[in-house]
Each structure stands twice: as C-alpha cells, then as structure tokens.
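Notes follow the structure.
Worth saying up front: this structure is predicted, and the values here are computed from it rather than measured.
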Amino acid sequence: MLKDEWLTPPAIIKALGEFDLDPCAPHASRRPWDTAKSHYSVEDDGLAQPWHGRVWCNPPYGLEAARWLERLAAHGDGIALIFARTETAMFFDHVWDKADALLFIRGRLHFHHVDGSRAAANAGAPSVLVAYGQRNKQALHSCGLPGFVLNLNSEPVCE
Ligand SMILES: C[S@@+](CC[C@H](N)C(=O)[O-])C[C@H]1O[C@@H](n2cnc3c(N)ncnc32)[C@H](O)[C@@H]1O
C-alpha cells in the first residue's frame with residue numbers, strides 16, 4: 001500500500017457512532033462520504049490544527065502514522081484504525097500503555113478508493129481499532145463489529 005487514500009469501509013464508522021472530527025480525510029471535493037461532522041485534509045495539515053470532540057483517525061501510512069497516534073493519545077477522545085503491528089515502536093509508545101481498549105478485527109479489511117468503490121484486494125495485514133477514552137472503549141464493546149475486544153490500562157508487568 002503506497003498511496004494514502006485508502007478509505008475506511010463505511011460500515012465500520014457507522015457501527016462506531018458519530019464522530020466530531022476526522023483530522024486526516026480526503027478534501028471534501030474528493031471524498032465519497034463524510035467520516036465525521038468536520039474534517040481536515042492534507043491542504044489543512046490536520047496535525048497543525050486544533051482537535052475537538054470525538055475524533056476518528058485512520059492515519060496516513062508509514063512512519064508518519066506514529067505522529068497521528070501520539071496526537072490522538074494526547075487528545076484522549078477518539079478511535080484510530082491502524083494495522084495490528086503490535087511489536088512496533090508506535091504500538092509501544094502510543095497504544096499499549098495509553099489506549100483504553102482494542103478491537104482486533106476478524107479477517108482482513110477491504111479499504112475503499114476515493115470514488116467509493118471497494119478495493120478488490122484485502123489490506124494484506126490485520127487491522128485493529130484503538131480506543132482512547134471511556135466512551136470510545138464502550139463503543140468498541142457495543143459496536144457489534146466482528147473481532148476480539150481487549151481492555152487495556154492495566155499495569156504493565158515489565159517494561
Ligand atoms: C488512510 S486515509 C483515511 C481517510 C479517512 N480518514 C477514512 O478513514 O476513510 C489517510 C488520509 O489522510 C490524508 N492526509 C495525509 N496527510 C494529511 C495531513 N497532513 N493532514 C490531513 N490529512 C492528511 C490523506 O489524504 C488521506 O485521505
């Protein structure tokens with residue numbers, strides 16, 4: 001996956017409930033549907049903008065993703081969709097001891113293109129939803145998406 005414009009399957013966002021902000025979305029003229037009540041695109045640079053309310057974050061891929069997870073963890077209210085690369089520095093720095101719950105999605109997602117069509121191939125890797133804040137933890141438990149929910153925020157046994 002080299003391009004950034006891989007859109008979240010809309011059924012996932014629908015199942016998780018309404019979001020106030022998607023800070024990394026295609027521009028309004030290029031997206032097939034809204035993912036939140038307000039959006040920032042690459043033209044705005046969502047990382048340079050103030051964030052508010054309940055945030056949806058399927059971040060740009062690659063090393064850049066860590067900066068978005070760091071920002072969401074600091075914001076403390078939202079859900080991220082990332083690859084379940086649980087061994088990475090990003091996961092250890094911004095997920096394992098900062099998030100409140102995870103939903104490991106069963107199977108592999110088919111992301112969507114900006115024309116709204118579903119990609120023929122699956123993402124090639126497992127995905128996980130990462131919840132920050134109690135209402136988002138609750139959403140992972142009640143959303144009905146297929147997978148396994150893991151509550152976090154217990155004391156790590158070792159560093
Ligand atoms: C993986 S896609 C997810 C799109 C959408 N949030 C969703 O869930 O369907 C990542 C998006 O981040 C956008 N993006 C990349 N850099 C950005 C930046 N600095 N500020 C805002 N958006 C950015 C890309 O254009 C792309 O639309």
*When you look at Thr8 and Thr35, which way does the side-chain contact (heavy atoms from CB on, under 4.5 Å) test go after all the steps?*
CA-CA 9 Å; Thr8 304; Thr35 44; 5.6 Å; no

*Please test Leu152 against Tyr132 for side-chain contact (heavy atoms from CB on, under 4.5 Å), starting from the C-alpha separation and ending with a verdict.*
CA-CA 10 Å; Leu152 297 178; Tyr132 299 89; over 6 Å; no

_Under the criterion side-chain contact (heavy atoms from CB on, under 4.5 Å), I'd like the reasoning laid out for Leu145 against Ile12: C-alpha separation, chi angles, the key distance, then a yes or no._
CA-CA 7 Å; Leu145 293 169; Ile12 290 191; 4.1 Å; yes

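For Arg30, the salt bridge (Lys or Arg N to Asp or Glu O under 4.0 Å) partners at least two apart in sequence or on another chain are Glu43.
Without hydrogens or angle criteria, Arg31 side chain to Pro26 main chain gives a donor-acceptor distance under 3.5 Å. Proximity of a side-chain donor or acceptor of Asp34 to a complementary backbone N or O of Ala36 within less than 3.5 Å is not detected. Under the 3.5 Å distance criterion, the side-chain polar atoms of His113 are left unmatched by any main-chain donor or acceptor of Asp115.
Of all heavy-atom pairs spanning Thr86 and Trp96, the tightest one is O-NE1, 3.0 Å. Contact detail for Ala65 and Pro60: the closest heavy-atom pair is CB-O, 3.4 Å. Taking each heavy atom of Leu81 and Ser127 in turn, the nearest pair found is CD1-CB, 3.9 Å.
Inter-residue side-chain proximity for Leu102 and Phe91 is flagged as met; some heavy-atom pair is nearer than 4.5 Å. Within the 4.5 Å cutoff, the side chain of Asp22 has no heavy atoms near those of the Tyr40 side chain. A 4.5 Å side-chain heavy-atom check between His112 and Pro9 finds at least one atom pair inside the cut-off.
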Which side-chain N or O atoms in residues 46-55 pair as donor and acceptor under 3.5 Å with protein atoms at least two apart or in another chain?
{"unit_1": "Gln49", "atom_1": "NE2", "unit_2": "Asp44", "atom_2": "O", "d": "2.8"}
{"unit_1": "Trp51", "atom_1": "NE1", "unit_2": "Gly46", "atom_2": "O", "d": "2.8"}
{"unit_1": "His52", "atom_1": "NE2", "unit_2": "Ser38", "atom_2": "OG", "d": "3.4"}
{"unit_1": "Arg54", "atom_1": "NE", "unit_2": "Asn136", "atom_2": "OD1", "d": "2.6"}
{"unit_1": "Arg54", "atom_1": "NH1", "unit_2": "Leu16", "atom_2": "O", "d": "3.1"}
{"unit_1": "Arg54", "atom_1": "NH1", "unit_2": "Gly17", "atom_2": "O", "d": "3.4"}
{"unit_1": "Arg54", "atom_1": "NH1", "unit_2": "Glu18", "atom_2": "O", "d": "2.9"}
{"unit_1": "Arg54", "atom_1": "NH2", "unit_2": "Leu16", "atom_2": "O", "d": "2.9"}
{"unit_1": "Arg54", "atom_1": "NH2", "unit_2": "Asn136", "atom_2": "OD1", "d": "3.2"}

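A single hydrophobic cluster is seen to contain both Leu69 and Leu150, as judged by linkage of ILVMFWY side chains at heavy-atom distances under 4.5 Å, directly or through other members.
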